[in-house]
Amino acid sequence: MTHFHRVVYDCYRRLGRSFPWRETDDPYEIFVSEMMLQQTPVQRVMGKYEEFLKHFPIVQKLAEADLSSVLKVWSGIGYNRRALYLRNAARKICEIHGGTIPSSLKALLNLPGVGQSTAGALLNFAFRIPTPFVETNIRRAITHFFQIPGETRDGEILSLVDATMDRKNPRTWFYALMDYGASLRRRPEKGEKKEHRHEPFRGSRREKRGKVLRALLSLGELTLEELERETGEERSQLTPLLRDMVEEGLLKQKGEFFLVGE
DNA sequence: AACACGGGGCT
DNA sequence: AGCCCAGTGTT
């Protein structure tokens, strides 16, 4: 038990957070939470998580689901392509792994939408296999405590995570470490890495994509003309955007109609 | 290494 | 209007 451990665990006792996905041991339920939490505030996930599991309680149900039904529940969380990744990951889990969430890093990384961070989180939280990983709260926790520059490479952060993690209690340790990191928001160190800045959301291509998706989810299938009217966007803006969304598998085109699904 | 990808809440 | 927030896939 080092000083670092004492600080982190002490913080956890004082202001550790409780979430539905921290109460379950079901790897599928934890998997869903990790996919939702990518680049998404915890508070927002809280509002959708239980509803999502009510609609898709087990991985087989999600695997069978139409993309439109998944996106209807997902809508509002953001980064809609993650819903497609998640549904497709569920299919792959059913086809290749017999409906069991895989517990090896290699197999997890082969699932769509699962990278180093999500795979690491899953191994620790769902399977209690101690696995170093880096995400924003862990980065903040490590750079703050060890007083290293915010621009420090993930590789170096990762080796510090590896060197300091509590291998006997991986799940609790990473909850504690992430909560410690979360408690440090709002008072960044001098050299804190500036998260790459976004364009304004208003008027952005992202916003247009969101409008298109919402229109198609609520009205079914629409022509280009109808989409122009429903979203209030110009055809010249809509056309390339629709082509990309079809390409990504978010939308499908049947004749002159566009609809949600791949 | 740089980009694209949502959207709600807060100041 | 600008900033923040449990990353991943593509180019």
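Proteins come first, then strands; the chains are lettered A, B, ... in the order of their sequence lines, and each starts at number 1.
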| query | Taking atom C1' of C/dG7 as reference, at what distance in whole Å does atom CG of A/Leu108 sit? | reply |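 Answer to the nearest Å: 15 Å.
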| Should A/Arg205 be listed as having a side-chain N or O under 4.0 Å from OP1 or OP2 of B/dG7? | no
| said: Just to verify, what does A/Asn169 make a side chain to side chain donor-acceptor pair (under 3.5 Å) with, not counting sequence neighbours? | reply: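 Partners of A/Asn169 by the side chain to side chain donor-acceptor pair (under 3.5 Å) criterion, ordered by chain and then number, come out as A/Asp166.
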| request: Could I get the full list of side chain to side chain donor-acceptor pair (under 3.5 Å) partners for A/Ser117, not counting sequence neighbours? | output: none
For a quick test of your reading: what N or O donor-acceptor pairs under 3.5 Å do the side chains of residues 234-242 of chain A make, sequence neighbours left out?
from: A/Arg235; atom 1: NE; to: A/Glu228; atom 2: OE1; distance (Å): 3.3
from: A/Arg235; atom 1: NH2; to: A/Glu225; atom 2: OE2; distance (Å): 3.0
from: A/Arg235; atom 1: NH2; to: A/Glu228; atom 2: OE1; distance (Å): 3.1
from: A/Thr239; atom 1: OG1; to: A/Arg235; atom 2: O; distance (Å): 2.9

| remark: Expected list for residues 207-222 of chain A near DNA chain B, using heavy atoms below 4.0 Å, is A/Arg209, A/Gly210, A/Arg214
| request: Name the closest nucleotide to the A/Thr136 side chain, picking from C/dG7, B/dG7, C/dG2. | output: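 My answer, after comparing the listed nucleotides, is C/dG7.
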How would you list, by chain and number, every residue that makes a ring-ring contact (aromatic ring centres under 6.0 Å, His included) with [X], sequence neighbours excluded?
{"X": "A/Phe31", "answer": "none"}
{"X": "A/Phe174", "answer": "A/Phe133"}
{"X": "A/Tyr79", "answer": "none"}

| said: Quick check on contacts: within residues 45-56 of chain A, what sits under 4.0 Å from DNA chain C by heavy-atom distance? | reply: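 Going residue by residue through residues 45-56 of chain A, none turns out to have a heavy atom under 4.0 Å of DNA chain C.
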| Sequence neighbours excluded, every pair satisfying side-chain hydrogen bond (donor to acceptor under 3.5 Å, both in side chains) that has a member inside residues 88-106 of chain A | none
| Can you list every side-chain hydrogen bond (donor to acceptor under 3.5 Å, both in side chains) pair that touches residues 120-134 of chain A, not counting sequence neighbours? |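 Pairs touching residues 120-134 of chain A that pass the test: A/Asp25-A/Arg128.
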| request: Please collect all ring-ring contact (aromatic ring centres under 6.0 Å, His included) contacts where either partner lies in residues 32-65 of chain A, sequence neighbours excluded, each pair once. | output: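 Passing the test, one end in residues 32-65 of chain A: A/Trp21-A/Tyr49, A/Phe52-A/Phe56.
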| task | Mind telling me whether A/Trp173 and A/His5 have parallel, tilted or perpendicular rings, with 30° and 60° as the class edges? | result | perpendicular
Are any protein N/O atoms closer than 3.5 Å to N/O atoms in nucleotides 9-11 of chain C? If there are, list each pair with its distance.
from: C/dG9; atom 1: OP1; to: A/Gly113; atom 2: N; distance (Å): 2.7
from: C/dG9; atom 1: OP1; to: A/Val114; atom 2: N; distance (Å): 3.4

